Amino acid sequence: MSRPSPGAARPTIRDIARVAGVSKASVSYALNDLPGVSAATRERVLLAARELGWRPSAAARSLSHARAHAVGLAVARDVELLGEEPYYMRLVAGMEGVLATESVSLLMTVVPDADTAVDVLRRWWAERRVDGVVLTDLLVEDPRLALVTELGVPSVVRGGREEEEPGGGAGTVAVSVEEEREPFERVVEHLLLRGHRRLARVSGPPEYRHTRRRDRAWQEVTTAALGAEQEVVVADYSARGGLEATRALLARPRPPTAVLYDNDVMAATVVAERRSLGVAVPADLAVVAGEDSILCRLADPGITALRRDVVADGAATARLLLDLLAGRAPRPLLLAPRELVVRGSSGSVLTPRAGG
């Protein structure tokens, strides 16, 4: 193909798409060196652009490098569960409070799994809809980490990286993981002082990294305190999952007299449904929630819980990402350990019958 004459009209992206036999979107991805097209398509587009004598205008270059003034949060959770659990709304409230002061928007979506989140994040980055992202609920094998490293997306990783993983590069900063052992020590000490010797924990899904860290802490703490690891039953954070796990525990020949639930929804549901479970709380079963919220405060009896300031955690996360986007070198944040708030669900000392 011959190059256009000096007097010819300046070639456009539409012209390149026609010559290369691809869409205008594919041309845009290829010319801006963005993901979303294959290597062969990228080469075909670049060849057509060279043949047509295409050059980006200064205005287009400026526009392509403009900031989106938005950050992304793709939550990989079941929508129904997200509606039950207050945690994410408090996290988002904390982030929004900080982002709004810098006129930065939060682009949030809920997707069913991490693979779908990868597709969303890749599209957001390719379309320049976000300047950075926040990653939450990391999986043991999480494809989102590889994606943000590959693309160089400025990212705050809530929960941190595993020790064996390579660093995320200059574009990624991890929020340090919470201390899990110390809060569990407080819970176990509290229950032992009230005469409990048979404990159990209802955990979240094992594919989450925070569940794996809690599993290790629970094993270490209960083994040190009682001579053997106390039982763990896996659930899914939902009200139904918490009830099913509790029924399974109560059906044991020697059921636990105290149960720690990994979130507030499961604990609050058990307290609300205690009559259908055939137990009195706390006389027969002490209940402790691993997350505090209004659900624990409004329950009757109120639920003993591990409390943290989720709104403040969200604000700290947003500040880290803003620092990263501004070119400052933020240090990973060490979140404060959760503190034990004792309420009526675990406040009674066991009778010899219940504690034997």
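In what follows, residues are counted from 1 in the order of the sequence shown. Everything numeric here is computed off the predicted structure, so don't read it as measured data.
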Side-chain heavy-atom pair Leu191, Leu260 within 4.5 angstrom cut-off: no

Min side-chain heavy-atom separation Leu91-Arg158 under 4.5 Å: yes

Criterion salt bridge (charged side-chain N to carboxylate O under 4.0 Å, His left out) against Asp292, the qualifying member of Arg308, Arg90, Arg343: Arg343

Residues Leu249, Val202; criterion side chain to side chain contact (heavy atoms under 4.5 Å, CB included); working and verdict: CA-CA 9 Å; Leu249 287 169; Val202 175; 4.0 Å; yes

Check: Asp113/Thr116 side-chain N/O donor and acceptor closer than 3.5 Å: yes

Check: His69 main-chain N/O paired with Asp131 side-chain donor or acceptor under 3.5 Å: yes

Heavy-atom donor-acceptor pair, Thr101 side chain to Val98 backbone, under 3.5 Å: yes

Heavy-atom side-chain proximity of Pro301 to Arg274 below 4.5 angstrom: yes

For the student: nearest non-hydrogen atoms of Val120 and Ala74, plus distance: CG1-CB, 4.4 Å

Distance in Å, Leu335 CG paired with Thr317 OG1, rounded so as to fall on 0.5 Å steps: 7.0 Å

Parallel, tilted or perpendicular: ring planes of Tyr208 versus Tyr237, cut at 30 and 60 degrees: parallel

Distance in Å, Asp115 CG paired with Asp119 CG, rounded so as to fall on 0.5 Å steps: 7.5 Å

From CA spacing to verdict: side-chain hydrogen bond (donor to acceptor under 3.5 Å, both in side chains), Ser346, His190: CA-CA 9 Å; Ser346 68; His190 166 74; 2.7 Å; yes

Heavy-atom pair with the smallest gap, counting every atom of Pro154 and Leu325: CB-CD2, 3.7 Å

Hydrophobic cluster identity match, Leu322 and Met95, side-chain contacts under 4.5 Å: yes

Spatial distance of atom CZ (Arg213) from atom CZ (Arg181) [nearest 0.5 Å]: 16.0 Å

pair Ile303-Asp264: side-chain heavy atoms closer than 4.5 Å: no

Distance-minimising heavy-atom pair for Ala49 and Ile16: CB-CD1, 3.9 Å

Leu73 to Val134 - nearest heavy-atom pair and separation: CD1-O, 3.5 Å

Salt bridge Arg338-Glu182, side-chain N to carboxylate O under 4.0 Å: no

Steps toward salt bridge (charged side-chain N to carboxylate O under 4.0 Å, His left out) verdict (Arg254, Glu231): CA-CA 12 Å; Arg254 286 172 57 81; Glu231 186 172 5; over 6 Å; no

Exam field: side chain Arg44 to backbone Ala20, donor-acceptor pair closer than 3.5 Å: yes

Chi angles and distances behind the salt bridge (charged side-chain N to carboxylate O under 4.0 Å, His left out) call for Glu141, Arg212: CA-CA 12 Å; Glu141 300 292 337; Arg212 184 165 70 172; over 6 Å; no

Any side-chain heavy-atom pair of Glu220 and Glu180 under 4.5 Å: no

Hydrophobic cluster identity match, Met266 and Val259, side-chain contacts under 4.5 Å: yes

Val233 with Val281, same ILVMFWY side-chain cluster at under 4.5 Å: yes

Side-chain heavy-atom pair Leu121, Leu135 within 4.5 angstrom cut-off: yes

Exam field: side chain Ser238 to backbone Asp236, donor-acceptor pair closer than 3.5 Å: no

Heavy-atom side-chain contact between Leu306 and Leu340 under 4.5 Å: yes

Test item: Ser155 side-chain N/O and Val157 main-chain N/O as donor-acceptor pair under 3.5 Å: no

Main-chain N/O of Val118 paired with Arg144 side-chain donor or acceptor, under 3.5 Å: no

Working for side chain to side chain contact (heavy atoms under 4.5 Å, CB included), residues Thr136 and Tyr88: CA-CA 10 Å; Thr136 64; Tyr88 264 104; 2.7 Å; yes

Expected output: side-chain Gln230 to main-chain Leu199 donor-acceptor under 3.5 Å: yes

Distance in Å, Thr222 OG1 paired with Arg201 CZ, rounded so as to fall on 0.5 Å steps: 9.5 Å

Linked, directly or transitively: Val288 and Leu285 (ILVMFWY side chains, under 4.5 Å): no

Exceeds 12 heavy-atom contacts within 6.0 angstrom, atom CG of Leu192: yes

Considering all heavy atoms, the nearest Pro86-Val265 contact: CD-CG2, 4.4 Å

Reported CZ-to-OG1 distance for the pair Arg198 and Thr257, which is rounded to 0.5 angstrom: 6.0 Å

Trace of the side chain to side chain contact (heavy atoms under 4.5 Å, CB included) decision for Trp125 with Val148: CA-CA 10 Å; Trp125 188 246; Val148 297; over 6 Å; no

Distance in Å, Asp142 CG paired with Asp137 CG, rounded so as to fall on 0.5 Å steps: 9.5 Å

4.5 Å side-chain heavy-atom contact, Thr12 and Asp15: yes

In one Ile/Leu/Val/Met/Phe/Trp/Tyr side-chain cluster, 4.5 Å: Val75, Leu321: yes

Test side chain to side chain contact (heavy atoms under 4.5 Å, CB included) applied to Arg307 and Cys296, step by step: CA-CA 10 Å; Arg307 181 170 63 192; Cys296 298; over 6 Å; no

Residue pair Val234 / Gly204: nearest heavy atoms and the distance that separates them: CG1-O, 3.9 Å

